[in-house]
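Data block below; observations after.
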Amino acid sequence: PRLLLLDEPTTGVDPVSRREFWKLLSEFRARGLTIVMVEHVMDAIRALCSRCIVMNAGAVVTLYGTIFASTAAHSRLFADAMRVLGDMAA
């Protein structure tokens, strides 16, 4: 396949297996596979994603291109995600 859709693929998985799965996904990406993934674990997003969309109630809140070229970009993503969570709790 050229497209892989995943919904929180490592929820409930032990840390060693999670890292092995991330390694497998990285290999798939290197071969040109497009992966669309729903994920709430920031470490997974940082390790695997070249683009990230933060959504709230089905609407795009923020879109990042090559998101982790800098620590500042990661900090902005984290701040946006925390803002969305705060809005949801209100």
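Just so we're clear, the structure is a prediction, and the values are computed from it rather than from any experiment.
A side-chain donor-acceptor contact under 3.5 Å links R29 to the backbone of L48.
Residues P9 and V38 share a closest heavy-atom pair of CD-O, 4.0 Å.
Between F28 and I35, some side-chain heavy-atom pair lies under the 4.5 Å cut-off. In this structure, the side chains of L4 and M37 stay at 4.5 Å or more apart for every pair of heavy atoms.
Note on V41: it does not cluster hydrophobically with L25, by side-chain heavy-atom contacts below 4.5 Å among ILVMFWY residues. Both L24 and L6 sit in one connected hydrophobic cluster of ILVMFWY residues. Membership requires side-chain heavy atoms under 4.5 Å apart, directly or through other members.
In this structure, CG in D14 is found 8.5 Å from CZ in R19, a value given to the nearest 0.5 Å.
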